[in-house]
Amino acid sequence: MIELISEKISVDKILNNLEDHSTGAVVLFLGRVRDHANGRQVTRMAYEAYAEMAHKKMQEIEDEVKKRWPVQKIAMMHRTGELELGEVSVAIAVACPHRKEAFQACQFAIDTLKETVPIWKKEQFVDGEAWVEGTVPDSGITQ
Amino acid sequence: MIELISEKISVDKILNNLEDHSTGAVVLFLGRVRDHANGRQVTRMAYEAYAEMAHKKMQEIEDEVKKRWPVQKIAMMHRTGELELGEVSVAIAVACPHRKEAFQACQFAIDTLKETVPIWKKEQFVDGEAWVEGTVPDSGITQ
Amino acid sequence: MKVTLRLFGQLRELAECDEAEIEIKEGTKIGDLVWLVGERFPNMRQHLKVVSFSIDNDYASKETVLNEGNEVSLLPPISGG
Amino acid sequence: MKVTLRLFGQLRELAECDEAEIEIKEGTKIGDLVWLVGERFPNMRQHLKVVSFSIDNDYASKETVLNEGNEVSLLPPISGG
């Protein structure tokens with residue numbers, strides 16, 4: 001399951017999607033909007049995605065994860081639009097037979113998402129806003 | 001939050017407990033009852049805990065995790081009694097400022113739980129049952 | 001010939017639009033686009049050094065030769081998650 | 001003097017009880033308990049080689065000397081999670 005959505009991310013929906021009797025280990029990562037960045041107080045966060053491409057790159061991450069680890073199920077959701085403090089911006093969950101693989105696969109997925117998936121965020125402060133200094137995409141996974 | 005409970009583990013409750021505006025990364029591990037073990041079909045799983053001591057050892061894990069990583073919040077729940085296939089037997093969630101620490105802390109917590117917390121499980125098969133061959137506790141964390 | 005330029009994030013804000021048509025010569029490479037874009041949107045210039053490119057929803061190298069009708073995206077450094 | 005023995009998992013099942021009082025001599029160490037337990041519950045003997053011990057809800061070494069009224073647990077290899 002891969003989704004880019006503007007509504008709140010439902011962890012229940014993700015975990016329902018991962019239901020499976022053959023896998024004993026589930027690892028879920030949630031990224032949330034923090035109230036500070038580089039010593040400055042953040043009040044909200046706005047996310048913008050290049051949707052078609054983001055979807056495609058997330059699909060490539062899913063394919064790569066399944067090639068590298070015995071992942072039976074994976075769910076990746078990223079939210080777009082205006083988020084309040086504490087709200088979940090990204091959720092990635094994997095189900096594996098064993099926990100070690102589940103941790104590795106989930107961490108690889110979020111690390112790679114941050115390196116390859118075209119999404120941008122803008123921090124809102126009490127007195128202004130600023131695009132977050134990003135990473136030049138590592139397109140290695142596709143080439 | 002540390003709990004040993006006989007009712008279903010609520011992931012919502014765990015995540016509510018981890019709400020916090022200063023931490024951007026949450027990693028959640030769920031252990032679920034699998035339908036097979038050592039090539040044999042499993043139908044259910046029964047968990048038994050030495051409750052007072054299990055609580056104490058889980059508290060020590062929390063303390064150690066907070067000493068080693070900047071974990072703001074941690075929740076650990078283990079279920080006891082009879083579980084159906086796919087049901088969650090253990091859930092551990094941590095909230096950290098950054099994701100790398102969150103993955104490390106969560107993995108350490110579940111690894112240590114499996115090495116030190118006095119809980120036992122018995123697999124139920126179609127035609128019988130057997131206590132799962134366990135680990136001789138590593139009491140290193142306390143000594 | 002023409003290609004369609006798509007803009008995101010900070011570049012979209014600076015351009016005050018999310019799409020633009022750009023007239024190019026036969027044989028133009030993606031990497032050369034930054035000069036044309038810099039002429040069209042002067043306030044974007046300082047941000048064009050660290051930009052990545054995509055064609056048809058995937059990353060493309062600077063050496064890729066553009067074709068009529070390509071949809072080319074200019075991607076500022078990403079910050080999802 | 002007496003200590004209270006608590007049993008868990010497979011040991012509890014084999015003993016068909018989860019607690020038992022054991023009469024010990026002054027100076028008995030936890031490690032010596034396995035012999036007394038093996039006498040009292042012969043069907044447990046083969047499982048006593050890999051057992052761990054606890055006193056007052058924490059792991060205790062085999063060398064720990066028991067005191068009157070101690071609550072001592074025999075813990076088979078653990079398998080939680």
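We name chains A, B, ... by the order of the sequence lines, and we start the count at 1 in each one.
In this structure, C:Q10 and A:W120 have side chains that are not in contact, with every pair of non-hydrogen atoms separated by 4.5 Å or more. Side-chain contact check for C:D56 versus A:M53: every heavy-atom pair is 4.5 Å or farther apart. Taking 4.5 Å as the limit, every side-chain heavy atom of C:S79 sits out of range of all side-chain heavy atoms of A:Y47. A:Y50 places a side-chain heavy atom less than 4.5 Å from the side chain of C:S73. Between A:P137 and C:Y59, the closest side-chain pair of non-hydrogen atoms falls below 4.5 Å. Residues A:K56 and C:D58 are in side-chain contact: their nearest non-hydrogen atoms beyond the backbone lie under 4.5 Å apart.
Interface remark: A:A91 contributes no atoms to any contact with chain C (heavy atom separation under 4.5 Å).
Highest contact tally toward chain C, considering only A:H55, A:R79, A:E133, A:K114, is held by A:K114 [criterion: heavy-atom pairs under 4.5 Å]. Ranked by non-hydrogen atom pairs under 4.5 Å with chain C, the options A:V117, A:I92, A:L113, A:V88 are led by A:V117.
Among residues 11-20 of chain C, the residues having any heavy atom closer than 4.5 Å to a heavy atom of chain A are, in sequence order, C:R12, C:E13. Scanning residues 24-40 of chain C against chain A with a 4.5 Å non-hydrogen threshold yields no residues.
At least one donor-acceptor pair under 3.5 Å links the side chain of A:S89 to the backbone N or O of C:G81. With hydrogens and angles disregarded, no donor-acceptor distance shorter than 3.5 Å links the side chain of A:H78 to the backbone of C:G80.
Heavy-atom contacts from other residues, nucleotides or ligands closer than 6.0 Å to CG of A:D127 number more than 12. Other residues, nucleotides and ligands contribute at most 12 non-hydrogen atoms within 6.0 Å of the CD atom of A:Q41.
In terms of heavy atoms, A:V136 sits closest to C:V50 at CG2-O, 4.0 Å.
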